[in-house]
J.: 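Got a structure here, written out as structure tokens. Questions coming.
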Amino acid sequence: MTTRTRFAPSPTGYMHIGNLRTALYEYLIAKAQGGEFILRIEDTDQKRYVEGATDIIYATLKRVQMLWDEGPDIGGPVGPYVQSERKPIYKEYADKLVELGGAHYCFCKDMSDEKDENAPIVKFDDPCKHISLDEAKKRIAAGEPYVVRQNINKKGTSVFEDMVYGKIEIDYDELDEGVLLKTDGLPTYNFANVIDDHLMGITHVVRGNEYISSTPKYNLIYEAFGWEPPVYVHVPPVMKDAQHKLSKRNGDASFQDLVAKGYLPEAILNYIALLGWNPGTEQEIFSIDELKQVFTAERLNKSPAIFDGDKLKWMNGVYIRALSLDEFHKQALPYYKDLPASVNFKFLSSVLQPRVETLGEIPAEIDFIKKMPEYPLSLYQNKKMKTDEAIAKRALELSLNALKDVSDWSNEALFETLKTVAANEGYKNGQILYPVRVALSGKETTPGGATELAVILGKAETLKRLQDALNIL
RNA sequence: GGUUCCAUCGUCUAGUGGUUAGGACGCGGCCCUCUCAAGGCUGCAACACGAGUUCAAAUCUCGUUGGAAUCACCA
């Protein structure tokens, strides 16, 4: 039997990191076995539907190369793949489940809106459970609103095996007789997931561990229909800190937020793969194709993992440095928008590439290029470089003079020129180069040294800035 | 509160009875160096606690503590 997994997000308009990681594990479990990865949209809660949300889901999965074999957009043999379009299917199976004794019709008023947070937790004992099937059908035929509610008739302990957590035992007493089919005729997750997973031939159900405690209820439904339950893979949550999950509510970054901040999708994916899973080797950098080769669900972790932004940033830096210069340049280009056309952009990229861990850091690195910032003359005093204003003035005069005649405006040639100036005049390299750097950037530290700044700015701008500096010294 | 689950450096983790408890991020130092980075080397840093079992426990058992999840006509 081929392995089939599914990613079944709600269209809430936000691809959060935990969700994406679950999708990744689903994808990898399927693909490691040469299986199929299915995309299904769980939109049974009409109140939460967000316009355009499915497009974000498609775009995100495509961006990280997690391509689905069947889904709403491309179809497949067991569609439709959007739950709201499967409404008649749920109704049919709900009625069947009632016939099989696994559920009953319930006419109670919807209490969910007036639920009291502080109310003591009491198990709901549904009076409608004792209404005869004939009478229930009559009331339904008369147009009375109803829901289908699960029956938990079993006693004792439910036992099931989870690939991550092992054997889990839960008493049937703990299970509540939840709503399966809502008044609006749409199923709850508790029903839809079972029907769809079965009908779609899903072999491995991967989901957050918050579903562990309700898994026995789903097994009861599989059992009532005489269906084989899937292999369960419950994964621990991704946390913001020790007590809070990563969530939109907390303002935590989504996949698209991270991309907007200059993180590379490949790096994000690599990082989250390692949040709760490890390959058993010391390798940390993986492409998605490499993950397909080495992934096994057995190495999934049981405990929650805290999202470490520092490590993501480091890993993103690794990916940025691994880019070819051309590729990095292409990615950096949008951040150069405001710079004058005279800038040596390609060279700028080569200087920036090893110095930024996210593309978003670029603007702060290059702000001095567009416009020479104001700076205090005291910046020319630097004890490590052995410079002060007087030495700086002399250094700038000598540099300006020497640079005027340079025609090969390359870093090597410029560096040789200024080194020669230093040697001829009895200065240390830094005594010449540091003042030039300040004069060109107004900063103590810059991406690249003095001569690299000169290359970036170009000859005309370099000479102009040196002269400007001289004018105020 | 009931139930279920979890527990190795600050963080992500390796480890399945015998290891100097390993790696990575971060942090400190050194080297390199026209600053800052990058790169190389290096240092600090963990088995939550308490009982057992065993010649031997981070690894097995029990308890304690701490944490999480769940108990919706949300998923």
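In the text below, chain A, chain B and the rest are named by the order of the sequence lines, each starting its count at 1. All heavy atoms count here, side chains included; hydrogens, waters and symmetry mates do not.
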J.: Quick check against the 3.5 Å criterion: does E452(A) have a side-chain atom that pairs as donor or acceptor with the backbone of G449(A)?
T.: yes
J.: Out of rU13(B), rC25(B), rC73(B), which has the shortest distance to the side chain of V147(A)?
T.: rC73(B)
J.: Can you sort out the partners of K96(A) under side-chain contact (heavy atoms from CB on, under 4.5 Å), two or more places apart, ordered by chain and number?
T.: E92(A), Y93(A), L100(A), F225(A)
J.: Please lay out, stage by stage, how E85(A) and K87(A) fare under the test salt bridge (charged side-chain N to carboxylate O under 4.0 Å, His left out).
T.: CA-CA 6 Å; E85(A) 294 170 19; K87(A) 196 171 168 180; over 6 Å; no
J.: Taking the inter-plane angle between the rings of F7(A) and F37(A) on a 0 to 90° scale, is it parallel (under 30°), tilted (30 to 60°) or perpendicular (over 60°)?
T.: parallel
J.: Return no unless some side-chain N or O of K47(A) is found under 4.0 Å from OP1 or OP2 of rC74(B).
T.: yes
J.: Can you list everything that forms a side-chain contact (heavy atoms from CB on, under 4.5 Å) with P145(A)? Sequence neighbours excluded, please.
T.: T183(A)
J.: Taking the side chain of E42(A) as its heavy atoms from C-beta onward, which of rA14(B), rC5(B), rA75(B) lies nearest to it?
T.: rA75(B)
J.: Is F415(A) touching bases, backbone alone, or none of the nucleic acid, heavy atoms closer than 4.0 Å?
T.: base
J.: Could you tell me the Watson-Crick or G-U partner of rU4(B), where both distances fall under 3.5 Å? Say none if there is no partner.
T.: rA68(B)
J.: Considering only side-chain heavy atoms of T188(A), which listed nucleotide, rC73(B), rC25(B), rC34(B), is closest?
T.: rC73(B)
J.: Check whether any side-chain nitrogen or oxygen of K313(A) sits under 4.0 Å from OP1 or OP2 of rG26(B), and answer yes or no.
T.: no
J.: So, OP1 or OP2 of rG15(B): does either fall under 4.0 Å of a side-chain N or O from R299(A)?
T.: yes
J.: Mind checking if N411(A) touches a base, just sugar-phosphate, or nothing, with heavy atoms under 4.0 Å?
T.: base
J.: What about W68(A) and Y58(A), are their ring centers closer than 6.0 Å?
T.: yes
J.: I want to verify a distance call: between rG22(B), rU4(B), rC6(B), whose nearest atom is closest to the K302(A) side chain?
T.: rC6(B)
J.: Would you please confirm or rule out a distance under 4.0 Å between OP1 or OP2 of rA75(B) and any side-chain N or O of K182(A)?
T.: yes
J.: Please determine whether a side-chain nitrogen or oxygen atom of N278(A) lies at a distance below 4.0 Å from atom OP1 or OP2 of rC12(B).
T.: no
J.: Does S214(A) or K217(A) map to a spot on RNA chain B nearer the 5' end, using the closest nucleotide for each?
T.: K217(A)
J.: Toward the 5' end of RNA chain B, which comes first, F307(A) or Y146(A), by nearest nucleotide?
T.: F307(A)
J.: Under 6.0 Å between ring centres, would you say that holds for Y211(A) and Y189(A)?
T.: yes
J.: May I ask which nucleotide in the shown strands pairs with rC41(B), Watson-Crick or G-U wobble, both distances under 3.5 Å?
T.: rG29(B)
J.: Out of rC73(B), rA75(B), rA72(B), which nucleotide sits closest to the side chain of D176(A)?
T.: rA72(B)
J.: Does a side-chain N or O from T281(A) land closer than 4.0 Å to OP1 or OP2 of rA14(B), or not?
T.: no
J.: Of the nucleotides rG2(B), rC73(B), rC6(B), which one has an atom closest to the side chain of S303(A)?
T.: rC6(B)
J.: Can you give me the N/O atom pairs linking the protein to nucleotides 62-69 of chain B at distances under 3.5 Å, or say none if there are none?
T.:
none

J.: Take nucleotides 35-41 of chain B nucleotide by nucleotide from the 5' end and write B, S or -, depending on whether a protein heavy atom sits under 4.0 Å from the base, only from the sugar-phosphate, or from neither.
T.: BBBSS--
J.: Nearest to the A305(A) side chain among rC74(B), rC12(B), rC25(B), which nucleotide is it?
T.: rC12(B)
J.: Kindly list each side-chain donor-acceptor pair under 3.5 angstrom involving residues 267-286 of chain A, sequence neighbours excluded, with atom names and distances?
T.:
| unit_1 | atom_1 | unit_2 | atom_2 | d |
| --- | --- | --- | --- | --- |
| N270(A) | OD1 | F286(A) | N | 2.8 |
| N270(A) | OD1 | Y319(A) | OH | 2.5 |
| N270(A) | ND2 | E284(A) | O | 2.9 |
| Y271(A) | OH | D308(A) | N | 2.7 |
| Y271(A) | OH | D308(A) | O | 3.3 |
| W277(A) | NE1 | T296(A) | O | 3.1 |
| N278(A) | OD1 | G280(A) | N | 2.8 |
| N278(A) | OD1 | R299(A) | NE | 3.2 |
| N278(A) | OD1 | R299(A) | NH2 | 3.0 |
| T281(A) | OG1 | Q283(A) | N | 3.3 |
| Q283(A) | NE2 | I285(A) | O | 2.9 |
| E284(A) | OE2 | K311(A) | NZ | 2.8 |

J.: Write out all pairs satisfying side chain to side chain donor-acceptor pair (under 3.5 Å) with one or both partners inside residues 412-429 of chain A, taking only residues at least two apart or from two chains.
T.: none
J.: In terms of relative ring orientation, are Y14(A) and H16(A) parallel, tilted or perpendicular, with 30° and 60° separating the classes?
T.: tilted
